[in-house]
Amino acid sequence: MKNNHEIARHGKTVVTTLTLFFTASVALHWGWNTFAVEIMEQARITFKHALGLQALLFSLALSSLFFWLTFKNAGNGGKADAR
């Protein structure tokens, strides 16, 4: 059984991750509507489009991290570096 400290630590991680995700989505939404619309004359996006794009960017970052951690030792037979 997990103690309360471990549960609270995981709760902090979830809250921090969600806060980072939504803050980055707001920044992406503002940045797109400021830069791309005013300077490059592109179409405005809504917040749900910014959330979708942010989810795509986060999934790409996490999948690249997963593949790097999975296959970083594949070239030397799965053995860790001998440093």
Side-chain angles (χ1 to χ4, degrees):
M1 183 171 193
K2 293 184 178 182
N3 61 22
N4 288 336
H5 180 69
E6 291 178 8
I7 294 171
R9 188 175 65 212
H10 291 300
K12 279 183 174 180
T13 303
V14 169
V15 169
T16 302
T17 303
L18 288 176
T19 302
L20 176 68
F21 180 79
F22 284 110
T23 304
S25 296
V26 169
L28 178 66
H29 183 247
W30 173 80
W32 176 267
N33 285 337
T34 301
F35 174 73
V37 173
E38 293 178 7
I39 295 175
M40 298 171 42
E41 299 180 1
Q42 298 293 318
R44 296 181 74 85
I45 61 171
T46 61
F47 187 68
K48 69 178 181 178
H49 296 132
L51 282 176
L53 183 58
Q54 192 65 39
L56 176 69
L57 293 174
F58 269 33
S59 65
L60 288 173
L62 290 176
S63 62
S64 63
L65 178 65
F66 170 76
F67 284 118
W68 180 75
L69 290 174
T70 302
F71 298 114
K72 70 179 179 180
N73 293 325
N76 58 3
K79 297 177 184 174
D81 292 334
R83 291 183 204 183

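When reading the values below, keep in mind they use all heavy atoms of this one structure, side chains included, and skip hydrogens, waters and symmetry mates.
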List in chain and number order the residues that pass side chain to side chain contact (heavy atoms under 4.5 Å, CB included) with Thr16, two or more places apart in sequence or in another chain; answer none if no residue qualifies. none
Spatial distance of atom CH2 (Trp32) from atom CZ (Arg44) [nearest 0.5 Å]: 11.5 Å
Please round to the nearest 0.5 Å and tell me the distance separating atom NE2 of His29 and atom OG1 of Thr34. 9.5 Å
Same cluster or not: Phe21 versus Val26, using hydrophobic residues (I, L, V, M, F, W, Y) connected whenever any side-chain heavy atoms lie under 4.5 Å apart? yes
Please output the side-chain donor-acceptor pairs of residues 45-67 that fall under 3.5 Å, not counting sequence neighbours, one pair per line with the distance.
| unit_1 | atom_1 | unit_2 | atom_2 | d |
| --- | --- | --- | --- | --- |
| Thr46 | OG1 | His49 | ND1 | 2.9 |
| His49 | ND1 | Thr46 | N | 3.3 |
| Ser59 | OG | Ala55 | O | 3.2 |
| Ser59 | OG | Leu56 | O | 2.8 |
| Ser63 | OG | Ser59 | O | 3.0 |
| Ser63 | OG | Leu60 | O | 3.0 |
| Ser64 | OG | Leu60 | O | 3.2 |
| Ser64 | OG | Ala61 | O | 2.8 |

All side chain to side chain donor-acceptor pair (under 3.5 Å) counterparts of Thr13, not counting sequence neighbours: none
